[in-house]
Peer 1: 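Take this structure first; my questions come after.
Computed from heavy atoms alone, side chains included, the values below leave out hydrogens, waters and symmetry copies.
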Amino acid sequence: MRIGAHVRQDDDPIGCGERYGADLVQLFLGDPQGWTRPGAHPRQEQIRASDVAVVVHAPYVINVASTNNRLRMPSRKAVAEHAEAAARLGAFGLVVHGGHVRSGEEVAAGVENWRKLFERQEDKGGFAVPVLIENTAGGDFAMARHVAAIARLWDAVGDYDVGFCLDTCHAWAGGEDLVDVVERVRAATGRIDLVHLNNSRDGFGSGRDRHAGITSGTIDPDLLVAVCRAADAPVVLETPAAGIADDIAYLRELLG
């Protein structure tokens, strides 16, 4: 099982990951709150040659599900651009949040917009790396907050080259019991390709996305370790930077 971290020093992601003791790094390829097209990474060759695995996280502003053309259309373009840039680094996937529609709108419209993303890209040969849809913490009109919604989304997109990223903080804050969440997600999607292993600063069902260190949040650390074992997938920590090295060492000791 690869255990790694989201690295904030994107100018030297491999070096940062090695200092943390990670054998997997996740990084942004630009401003996570912006639309800038990712260019060539200055350390592209080093990243490709490294034994450290890489996954890319798409910008937070992307919302493929949106019914607003002025948001949905640039979102589609950005997913394709970031997938291409991820492939240039040898990344195994591109993490994209499930997104949402606006209050009062039909969730089915957002699900259909996700399907259209893959349909239209398939005509161009598909995405350069698999898109890994991530569950989110809040919102009554979200595509991937609850497992039932994830199952509905997978009915629409599961035939394409799509994977799933399970975030433990998001699931907890979203009101999903972590005791059997892996089993229920697998029943909905057939797969878990990546785990974002994060504790939560807030309580169960809070709808708030605020990460905490593995042993310092409101989730029992033993429960987080159990999720790792059950998922048997690569793990990325998105916990506070000051404690990531300790969190990785803690997991390695318990997971063997």
Side-chain angles (χ1 to χ4, degrees), residues 1-62 64 74-97 117-118 121-122 124-134 160-167 191-198 211 232-249 251-252 255:
M1 182 186 298
R2 286 187 179 269
I3 300 174
H6 183 89
V7 294
R8 277 75 175 179
Q9 296 176 10
D10 292 346
D11 57 331
D12 184 15
I14 299 302
C16 184
E18 288 174 342
R19 289 191 292 276
Y20 286 146
D23 50 21
L24 163 63
V25 295
Q26 175 181 276
L27 65 152
F28 291 115
L29 296 179
D31 180 0
Q33 300 292 350
W35 295 99
T36 303
R37 181 173 183 169
H41 196 285
R43 296 181 183 262
Q44 182 168 300
E45 295 309 314
Q46 177 201 15
I47 294 169
R48 289 189 65 91
S50 174
D51 291 333
V52 177
V54 176
V55 63
V56 171
H57 200 303
Y60 298 132
V61 292
I62 289 174
V64 170
S75 292
R76 287 176 178 169
K77 181 179 180 183
V79 171
E81 290 174 347
H82 281 264
E84 289 172 2
R88 292 196 293 269
L89 297 181
F92 65 80
L94 174 70
V95 177
V96 181
H97 285 180
L117 171 78
F118 289 105
Q121 193 65 29
E122 189 175 45
K124 303 174 185 178
F127 288 107
V129 298
V131 170
L132 310 181
I133 300 176
E134 180 180 353
Y160 296 96
D161 185 16
V162 57
F164 188 77
C165 173
L166 172 64
D167 187 301
R191 60 196 298 162
I192 294 176
D193 300 85
L194 181 67
V195 174
H196 281 172
L197 196 74
N198 304 306
H211 298 180
D232 193 24
V235 174
V236 165
L237 294 154
E238 298 175 318
T239 52
I244 283 184
D246 289 339
D247 282 344
I248 290 175
L251 284 178
R252 288 200 196 285
L255 292 171

Peer 1: With a 3.5 Å distance limit and no angle check, can you tell me whether Arg43 reaches the backbone of Pro13 through a side-chain donor-acceptor pair?
Peer 2: no
Peer 1: Is the closest side-chain heavy-atom distance between Val56 and Leu94 below 4.5 Å?
Peer 2: yes
Peer 1: What heavy-atom pair brings Ala58 and Val96 nearest, and what distance separates the two atoms?
Peer 2: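 Between these two residues, the closest heavy atoms are CB-CG2, 3.9 Å.
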Peer 1: Within a strict 4.5 Å, meaning less than it, do heavy atoms of the His41 and Leu27 side chains meet?
Peer 2: yes
Peer 1: Are the side chain of Arg2 and the backbone of Leu24 linked by a donor-acceptor contact shorter than 3.5 Å?
Peer 2: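 Answer holds: no.
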Peer 1: Looking at Val95 and Gln26, what are the two nearest heavy atoms and their distance?
Peer 2: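 Closest pair (atom of Val95, atom of Gln26, distance): CG2-OE1, 4.0 Å.
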Peer 1: Any sub-3.5 Å donor-acceptor pair from Arg252's side-chain atoms to Gly21's backbone N or O?
Peer 2: yes
Peer 1: Just verifying a value: how many Å separate Asp51 CG and Glu18 CD, rounded to the nearest 0.5 Å?
Peer 2: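 Between atom CG of Asp51 and atom CD of Glu18 there are 9.0 Å.
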Peer 1: Do you know the tightest heavy-atom contact between Val52 and Ala22?
Peer 2: CG2-O, 4.2 Å
Peer 1: Which residue pairs satisfy the salt bridge (charged side-chain N to carboxylate O under 4.0 Å, His left out) criterion with at least one member in residues 32-41, sequence neighbours excluded?
Peer 2: Arg37-Glu81
Peer 1: Supply the atom-to-atom distance Leu89 CG to Glu45 CD, rounded to the nearest 0.5 angstrom.
Peer 2: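 Rounded to the nearest 0.5 Å, the CG-CD separation comes out at 9.5 Å.
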Peer 1: In terms of ring plane angle, is the pair His57 and His6 parallel, tilted or perpendicular, where the classes change at 30° and 60°?
Peer 2: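 The arrangement is perpendicular - the two ring planes meet at more than 60°.
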Peer 1: Among residues at least two apart in sequence or on other chains, which ones pass ring-ring contact (aromatic ring centres under 6.0 Å, His included) with Tyr160?
Peer 2: Phe118
Peer 1: Identify the two heavy atoms, one from Ala86 and one from Val129, that lie closest to each other, and give their separation to 0.1 Å.
Peer 2: CB-CG2, 4.0 Å
Peer 1: Could you tell me the separation between the CG atom of Leu237 and the CG atom of Leu251, rounded to the nearest 0.5 Å?
Peer 2: 5.5 Å
Peer 1: Give me the atom names and distance for the closest heavy-atom approach of Ala5 to Ile248.
Peer 2: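 Looking at all heavy atoms of both residues, the shortest contact is CB-CD1, 4.3 Å.
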Peer 1: Can you tell me how far OH of Tyr20 sits from CG of Asp247, rounded to the nearest 0.5 angstrom?
Peer 2: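 Between atom CG of Asp247 and atom OH of Tyr20 there are 10.5 Å.
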Peer 1: State the CG-CG distance between Leu132 and Leu166, to the nearest 0.5 angstrom.
Peer 2: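 If we round to the nearest 0.5 Å, Leu132:CG and Leu166:CG are 12.0 Å apart.
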Peer 1: Roughly how far, to the nearest 0.5 Å, is CZ of Phe127 from NE2 of His82?
Peer 2: 12.5 Å
Peer 1: Take Val162 and Ile133, measure what side-chain contact (heavy atoms from CB on, under 4.5 Å) needs, and give me the verdict at the end.
Peer 2: CA-CA 7 Å; Val162 57; Ile133 300 176; 3.7 Å; yes
Peer 1: Assess whether side-chain contact (heavy atoms from CB on, under 4.5 Å) is satisfied between Asp12 and Gln46, documenting all intermediate values.
Peer 2: CA-CA 9 Å; Asp12 184 15; Gln46 177 201 15; 3.9 Å; yes
Peer 1: I need the minimum non-hydrogen distance between Trp35 and Ser75, along with the two atoms involved.
Peer 2: CH2-OG, 3.5 Å
Peer 1: Between His196 and His211, is the side-chain contact (heavy atoms from CB on, under 4.5 Å) condition met? List the steps.
Peer 2: CA-CA 10 Å; His196 281 172; His211 298 180; over 6 Å; no
Peer 1: Step by step, would you call Ile3 with Leu255 a side-chain contact (heavy atoms from CB on, under 4.5 Å)?
Peer 2: CA-CA 10 Å; Ile3 300 174; Leu255 292 171; 4.0 Å; yes
Peer 1: Hey, is the main chain of Cys165 close enough, under 3.5 Å, to the side chain of Asp193 for a donor-acceptor pair?
Peer 2: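 Not a single qualifying donor-acceptor pair exists.
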